[in-house]
Amino acid sequence: MAVGPRVSEWRKLPMSLTELCIDTTLRCGQAFRWRKVEDEWHCTLQGRILSLKQDATHLHYRTTWPKQTTAPGGPAAPLTPPPSSLPSPAPDQTSTPEDDEDDDDTLSLLTTYFNLPISLSALYTTWSAADPNFARRAPSFTGIRILNQPAWEALVAFICSSNNNISRISSMVTNLCLHYGPYIGTTTTTTSGSEPLHDFPSPSALAGDGVEQKLRALGFGYRARYIAQTAQIINAKGEGWLDGLRNPLSPPLGGGGGGGGGGRLPNPQPTYKAAHEALLSLPGVGPKVADCVCLMGLGWAEAVPVDTHVWQIATRDYKFGGGGKGSKTKTLNRAIHDAVGDHFRGIWGEYAGWAQSVLFTANLKSFARQAEGGGEGDGDGEEGKVEEEVKDVKEVKEVVVEVVKKEMTTGDKPTALRSTMRVTKRKVVIKTEVDEETDDMPIADVKVAATRTSKRRRVRA
DNA sequence: TATGCGCCTGGTTA
DNA sequence: ATAACCAGGCGCA
């Protein structure tokens with residue numbers, strides 16, 4: 001739980017898990033700063049710590065403000081302490097419940113950040129009616145919502161995402177905040193120790209001299225130069241430039257005025273395409289990163305970020321690339337990118353990027369167990385691995401025989417099931433996943449076949 | 001206007 | 001064990 005000088009009471013909001021599932025939404029690769037400690041999620045946002053927990057009927061939230069009061073929405077109060085030193089919370093500062101003013105602001109932030117006015121279940125219904133593949137996969141992945149993140153944060157985070165994986169992106173972004181962002185508070189737990197939380201750094205904080213070198217030293221690799229250069233450009237263009245690319249129908253996080261009012265240089269008629277093109281001018285920003293920023297930072301719901309994973313989905317589940325033979329283009333060029341995006345927009349409509357994130361999450365390896373359907377029942381903090389079977393070495397051959405036999409007896413789709421085996425000294429780990437090309441080839445059948453040969457113990461770790 | 005390749009790094013696979 | 005290879009690309013030749 002977060003401990004800080006000014007901690008509000010827990011408040012709650014009626015919320016079904018099909019409208020919002022924070023366990024999935026906060027881990028599916030669109031936001032990288034949320035941390036789950038025990039059953040609570042924490043993240044700094046707009047100068048405060050936002051803490052969340054969820055049960056079947058409600059979303060519970062509370063706010064922790066830093067010791068030094070910052071005017072909400074005001075200038076970034078530079079209360080930056082030494083970055084690496086562990087900030088010690090004031091010993092005798094007991095948490096005192098806060099007045100309603102802050103909570104009202106927090107509810108507003110929550111509503112905007114999670115795009116709560118948009119009915120997710122209605123969208124799922126529409127997508128499922130239009131797309132059998134979506135209808136097949138979505139039941140195991142409900143409550144996945146596109147977040148309305150600060151555009152600048154989304155820009156930097158997705159520059160970090162190139163040739164990268166979620167866990168490393170998360171550590172990089174966390175490090176960026178730790179070294180350049182204002183200190184907000186500290187999470188403390190009985191089991192996990194404490195962790196200082198810093199807010200996301202401003203463009204000017206990353207526009208100084210030596211940022212690239214320091215980021216390289218922090219392990220950012222070639223992205224260090226992209227971040228430093230982009231920060232200088234954004235800093236020079238002024239804060240309004242990015243927000244001028246926003247969808248006018250999507251409210252900005254800062255709580256400032258309505259559509260188009262964010263910057264001093266209001267874009268007359270911003271469009272998704274125009275925003276996309278403008279972002280491409282920044283170093284480290286290509287078509288995929290630009291679409292991520294459009295979708296998750298600028299409110300353009302029709303933006304469909306096309307990466308290798310989405311390309312896989314398009315070719316595998318939607319037979320993209322024309323009938324007969326698949327296109328031999330192995331490289332994702334710009335034409336392919338646009339064509340895939342247009343294809344999905346044609347199927348799913350104006351919220352295509354939201355639908356894409358559902359299938360994207362279903363395709364993530366870290367959600368493979370959930371993808372098998374049925375037993376989602378998560379909520380605990382330990383999921384995210386492929387289902388495994390551990391066997392003694394002497395039983396391996398029998399298992400292989402059974403699996404192969406099962407593939408052959410099913411006839412037409414031997415590729416529908418993929419198993420990989422990793423042999424260690426004394427045991428064998430079999431990872432199995434189903435392509436779901438056919439519904440009639442449940443993984444359970446294979447498990448039953450394997451059970452006959454051994455007293456296996458199934459490990460879900 | 002198109003393909004190929006180098007780039008930082010850490011985890012996974014063969 | 002160690003070397004490829006991959007991971008939610010981009011920029012340049």
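Proteins come first, then strands; the chains are lettered A, B, ... in the order of their sequence lines, and each starts at number 1. What you are looking at is a predicted structure, and each value in this text was computed from that prediction instead of being measured.
- On the P atoms, B/dT1 is 25 Å away from C/dG9, given to the nearest whole Å.
- Here A/A301 pairs with A/Y351, A/W354 under the side-chain contact (heavy atoms from CB on, under 4.5 Å) rule; sequence neighbours left out.
- The CZ atom of A/F220 sits 17 Å away from the P atom of C/dG9 (whole-angstrom rounding).
- Residues A/A228 and A/V211 approach most closely at CB-CG1, 4.2 Å, considering heavy atoms.
- Nearer to the 5' terminus of DNA chain C, by closest-nucleotide assignment, is the contact made by A/Q30 (compared with the other of A/Q30 and A/R225).
- Following rounding to the nearest Å, A/L364 (CG) and C/dA7 (P) show an atom-to-atom distance of 12 Å.
- A heavy-atom distance below 4.0 Å to DNA chain B is reached by none of the residues of residues 279-290 of chain A.
- Within the structure, salt bridge (Lys or Arg N to Asp or Glu O under 4.0 Å) contacts touching residues 152-166 of chain A (residues at least two apart or in different chains) are A/R33-A/E153.
- Side chain of A/Q30 to main chain of A/L295: no donor-acceptor pair is present (N/O by atom type, distance under 3.5 Å, no hydrogens or angles).
- Put simply, A/T308 has a side-chain N or O that comes within less than 4.0 Å of OP1 or OP2 on C/dG9.
- Residue side chain A/R168 reaches the base of B/dC8 through a donor-acceptor N/O pair under 3.5 Å, judged by distance alone.
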Would you tabulate the side-chain donor-acceptor contacts of residues 302-310 of chain A under 3.5 Å, counting partners in other chains and residues two or more places apart, or write 'none'?
from   : atom 1 : to     : atom 2 : distance (Å)
A/D307 : OD1    : A/H309 : N      : 2.9
A/D307 : OD1    : A/V310 : N      : 2.8
A/H309 : NE2    : A/N363 : ND2    : 3.1

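- Contact between A/R145 and A/I118 at its shortest, heavy atoms only, is NH2-O, 2.9 Å.
- What separates CG of A/N175 from P of B/dC8 is a distance of 18 Å, to the nearest Å.
- Put simply, CG on A/L215 is 12 Å from P on B/dT9, counting in whole angstrom units.
- Looking only at distances, no side-chain donor or acceptor of A/W300 sits under 3.5 Å from a matching main-chain atom of A/G353.
- Taking atom CD on A/E212 and atom C1' on B/dC8, their separation rounds to 12 Å, with Å as the unit.
- Consecutive Watson-Crick or G-U pairs involving DNA chain C, each under 3.5 Å on both distances, make up stems of three or more pairs at B:3-7 with C:9-13, B:9-14 with C:2-7.
- The separation of C/dA13 from B/dC8, taken at their P atoms, amounts to 15 Å, rounded to a whole angstrom.
- Spacing between atom CH2 of A/W311 and atom P of C/dG9 amounts to 14 Å, rounded to whole angstrom units.
- Identified under the side-chain hydrogen bond (donor to acceptor under 3.5 Å, both in side chains) test for residues 276-286 of chain A, with sequence neighbours left out: A/H276-A/D291, A/H276-A/R334, A/E277-A/R334.
- The separation between A/Q312 atom CD and C/dC6 atom P is 11 Å, rounded to whole Å.
- In terms of the side-chain contact (heavy atoms from CB on, under 4.5 Å) criterion, residue partners of A/T18 (sequence neighbours excluded) are, by chain and number, A/S16, A/T142.
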Enumerate donor-acceptor pairs with a distance under 3.5 Å from any side-chain N or O in residues 166-174 of chain A to protein atoms, sequence neighbours excluded.
from   : atom 1 : to     : atom 2 : distance (Å)
A/S167 : OG     : A/N165 : OD1    : 3.0
A/R168 : NH2    : A/G219 : O      : 3.0
A/S170 : OG     : A/I166 : O      : 2.9
A/S171 : OG     : A/R168 : O      : 2.9
A/T174 : OG1    : A/R35  : NH2    : 2.4
A/T174 : OG1    : A/S170 : O      : 2.8

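- Looking at A/Y226, its side chain has no donor and acceptor atom pair within 3.5 Å of the base of C/dG11.
- A/N165 has no side-chain polar atom (N or O) that falls below the 4.0 Å cut-off from OP1 or OP2 of C/dA7.
- In this structure, the side-chain hydrogen bond (donor to acceptor under 3.5 Å, both in side chains) partners of A/R246, at least two apart in sequence or on a different chain, are A/N148, A/S250.
- Taking atom P on both nucleotides, B/dT13 is separated from C/dG8 by 13 Å, rounded to a whole Å.
- Within a heavy-atom distance below 4.0 Å of DNA chain B, no residue of residues 145-162 of chain A is found.
- Atom CD1 of A/I166 and atom P of B/dT12 are 13 Å apart (whole Å).
- Not counting sequence neighbours, A/N235 has no partner by the side-chain hydrogen bond (donor to acceptor under 3.5 Å, both in side chains) test.
- Listed by chain and number, the residues in a side-chain hydrogen bond (donor to acceptor under 3.5 Å, both in side chains) with A/W152 amount to none (sequence neighbours excluded).
- Residue-level contact check: A/R216 touches the backbone only, with heavy atoms under 4.0 Å from sugar-phosphate atoms and none from bases.
- Within the nucleic acid shown, A/G219 comes within 4.0 Å of sugar-phosphate atoms alone, with no base atom in reach, counting heavy atoms only.
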